[in-house]
Structures are given as C-alpha cells and as structure tokens.
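Any value given below was found using the heavy atoms of this structure, including those in side chains, with hydrogens, waters and symmetry copies removed. In listed order, ligands and their atoms are each counted from 1.
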Amino acid sequence: MTRALVLGGAGFIGVATCKELMRRGVETVAAGRKDRPYGTFTSYVAFDRTDESQLVRALEQVEPDVLLDLACYQPGEVDAVARHFKGARYVFVSTGVYPNLDGRPAREEDFVPLEGDPPAELDYMNGKRWCETVLARSLDLPWTVIRPPAVFGPADHTLRIAAYLQRVEDGGPLLVPAESYERQAGLAWVKDIGYACALACDLRKDLTHKAYNAAFEGVSLRGLIEGIARATGKPARIHPMPFASLPDGASPYGPDPRRSAGYVLERSRKELGFEPSALEDALAETLAWYRVAHPSHPGYANRAQELAVAGAA
Ligand SMILES: NC(=O)c1ccc[n+]([C@@H]2O[C@H](COP(=O)([O-])OP(=O)(O)OC[C@H]3O[C@@H](n4cnc5c(N)ncnc54)[C@H](OP(=O)(O)O)[C@@H]3O)[C@@H](O)[C@H]2O)c1
C-alpha cells in the first residue's frame, strides 16, 4: 500500500485531496502547523516547515512513499524537501505560473524556469515560479507538479466564488471585463484538484519531472455566472465593461485579458488520466455551503459604487 504524507492536508484543497487518496486506498497522513486532533478520517502530524528540523521529524515519523505538498510557497522550502525526502514521488502543488499569453489557453510548456538566483522577497506568484525553477534544477528529486488556477468549492477561504454568488443573489448587475468574460477562464472545483493530486500520487504512472494543468475546460466567466443564475433561479444580469475600469473587487476571477484564457488539458488527460467534473455539480455543492455559511467577499463592500457605475443605483 502506498503511504502519502500530505503537507497542508487540513487546508481547503488538502481535505479534498486526503479524502480522494483514502477513497483510493492510499494510507494518508495529513500535516500542518496547528496541533489538531484531526477527527475521524485521517491521521495527522503537527509540524511547522519554517523550522527544517520539524520537516525532517515528520518525514522520519511517517516515512512516506509520496510527499504531497500543498503548503509550499518559497524556493528554500523546495530545497529543504530535496535535501531530506527519500521517497518515490514529491508532488508539488503550484498555481497558474504562466506569463501573460494575451488570451491564449496555457499549455504546461508555457512556463519556462527562471534564470539566476531568487530575490530575497517574493510575492505569491513569483514564489511559486521560483519553487518550480528550483524543481527544474533538482533532477535527483522525483517531482511532479500540479497547476490549479483559481479554485472554488465549499469553505473556499478566498471567498472569490462568494463574490459572484452574492451579486447574483441580490439581483443587481454583475460587472465583468468586456474583453475576456466570454473566454475560457482559469477555474477549478476543489474536488477536481483533490482528484488531480491523488492521480499524481499513483506510483504506477511515470509522471516524473512533469507538470500538469488541472481545471474546468470551456468554462467562461459568463458560463459561471449563468450557471449560478440557473442554480439559484435568479437572472444573470451581466454588465460588461473595460477591464481597466472595473471597480476593485467587482470581479475577483478577472479574467485579466493579458493573462491566459484558462488551461489546455491535453497532457493531463493523456498522462494523468484527469477529467474535470461538470460545472453544475461543483456549483450545487458550493451553493449548499454558501447557503449555510453565507460568507461575504471583501469586494462586496463596494457594491453601491458598482451599482452606480452600472447606472443601476
Ligand atoms: N485556493 C486556490 O484557489 C489555489 C489556487 C491555485 C493554487 N493553490 C495552491 O494550493 C495549495 C493549497 O491551497 P489551499 O487553498 O488549500 O490553502 P490553505 O487552505 O491555506 O492550506 C494550506 C495549508 O498549509 C498549511 N501550512 C501553511 N504554512 C505552513 C507551515 N509553515 N508549516 C506547515 N504547514 C503550513 C496550513 O495548515 P495549518 O493551518 O494547520 O498551519 C494550511 O492548512 C497552495 O500551495 C496554493 O498555493 C491554491
């Protein structure tokens, strides 16, 4: 039986991943900073990776075949894994590290490792780009990369999906970028990302030194909003306007017209066996959470300004 240690396994994507791994009969141990009794469905190890000795201790304690990393943001953290992990596969969960592709869907090879040394301070995106660059230079480490775009689902701590649910629910117009709202957007369901991560842990497949996209296919911002409208029985009052004039927080999924138009899934279908779910299934589950939790996206605080911009105040 494969044994997996899931760093960040109690987080948003981590829980979906642990569930899918266990469904597949993988012995699964989650790890994170909080010293939590992890409940009923998996074992748990407390560690803080900012202290390298704690990573070493977690690895010694669990002796995983697969190390699945959902809590890695800095290149030094990848270096530490390369120094200490001796198992069969390291799965690094990245993000949309792609450069601006002016509306072309991203293929995995559109990310090219960076040159030189990483700067001391890195924002989220550049941190992930540098993590992947370190991986590209670490050919003794049997790594595989999963690249999700913006992920939504129940308990989405980014609250970006709530932004659209709230606006459809209040019946007012939704301000979206005119240049790109009908293009494929970079969106994924948390359950599908858990599925992709679990597929990447299958040691029968040769996935070494490869990156894989995981996302919906063919879902635009328009499609998402119309899907929410169908699921809630409300109208989809889409109000396109230039991306540059959108009020802050009005459309947190963008899509920024300079960026890629979502992902190409050809390689992940063929080599990983990934297939995205239907948007409707993802929205039904997310809506059930939203109706109970009723979270508010921070950008919704500017709703009066948006309505004024749309001439609906
Ligand atoms: N959510 C998205 O839309 C999205 C999109 C693309 C890529 N991703 C990537 O997917 C991964 C998981 O994202 P997520 O949304 O599930 O994030 P999350 O809910 O914040 O989960 C990350 C987990 O990492 C653990 N963690 C953070 N710092 C740690 C440290 N120093 N030592 C040990 N554990 C630490 C946290 O556990 P504790 O709280 O117990 O410390 C947390 O549960 C991330 O790498 C993220 O970059 C996410």
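- When the heavy-atom distances from atom 8 (N) of ligand 1 to Y124, F12, F92, F152 are ranked, the shortest goes to Y124.
- The residue A31 has no part lying near ligand 1, judged by heavy-atom distances below 4.0 Å.
- Salt bridge annotation for R23-E20: present, with a cationic side-chain nitrogen under 4.0 angstrom from a carboxylate oxygen.
- Near H157, meaning under 4.0 Å from any of its heavy atoms, are these atoms of ligand 1: 14 (P), 15 (O), 17 (O), 18 (P), 19 (O), 20 (O).
- Neither the backbone nor the side chain of R147 has any atom closer than 4.0 Å to an atom of ligand 1 (non-hydrogen atoms only).
- The distance criterion of under 3.5 Å between nitrogen or oxygen atoms is not met by A10 with respect to ligand 1.
- Which parts of ligand 1 touch A71 is read off a 4.0 Å heavy-atom cut-off, strictly below it: atoms 24 (O), 25 (C), 26 (N), 35 (C).
- The distance from ligand 1 to the heavy atoms of K34 drops below 4.0 Å at these ligand atoms: 39 (O), 40 (O), 41 (O).
- From L174, atom CG reaches atom CG of L221 across 8.5 Å, with rounding to the nearest 0.5 Å.
- Using a cut-off of 4.0 Å between Lys/Arg side-chain N and Asp/Glu carboxylate O, K270 and E266 are scored as not salt-bridged.
- Nearest to atom 9 (C) of ligand 1 by heavy-atom distance, out of S94, P148, C72, is S94.
- Ring pair Y73/Y124 is tilted by interplanar angle, where 30° to 60° counts as tilted.
- The nearest non-hydrogen atom to atom 34 (N) of ligand 1, considering only K128, M125, R33, comes from R33.
- Only the side chain of Y73 comes within 4.0 Å of ligand 1, counting heavy atoms alone; its backbone N, CA, C and O stay farther away.
- Applying the side chain to side chain contact (heavy atoms under 4.5 Å, CB included) rule to L114 yields the partners R129, W130, T133; only residues at least two apart in sequence or on another chain are considered.
- Using a 4.0 Å cut-off between charged side-chain N and carboxylate O, R104 and D110 make a salt bridge.
- Taking any N or O of T158, backbone or side chain, none lies under 3.5 Å from an N or O belonging to ligand 1.
- When only interatomic distances are considered, the shortest N/O to N/O separation between I13 and ligand 1 falls below 3.5 Å.
- At a 4.0 Å cut-off, not a single heavy atom of G96 sits close enough to ligand 1 to count as contact.
- Close approach of ligand 1 to F47 is summarised as follows: ligand atoms under 4.0 Å from at least one heavy atom of the residue are 32 (N), 33 (C).
- Formation of a donor-acceptor pair under 3.5 Å by the R89 side chain with backbone atoms of T144 is not found in this model.
- Expressed to the nearest 0.5 Å, how far CZ of F216 lies from CD of Q184 amounts to 11.0 Å.
- Taking only nitrogen or oxygen atoms, main chain and side chain alike, T95 does not reach within less than 3.5 Å of ligand 1.
- A perpendicular orientation is assigned to the rings of Y98 and Y263, their planes being inclined by more than 60° (bins at 30° and 60°).
- For the pair Q54 and ligand 1, no heavy-atom separation below 4.0 Å is found.
- In this structure a side-chain-to-backbone donor-acceptor pair under 3.5 Å is present from K128 to C72.
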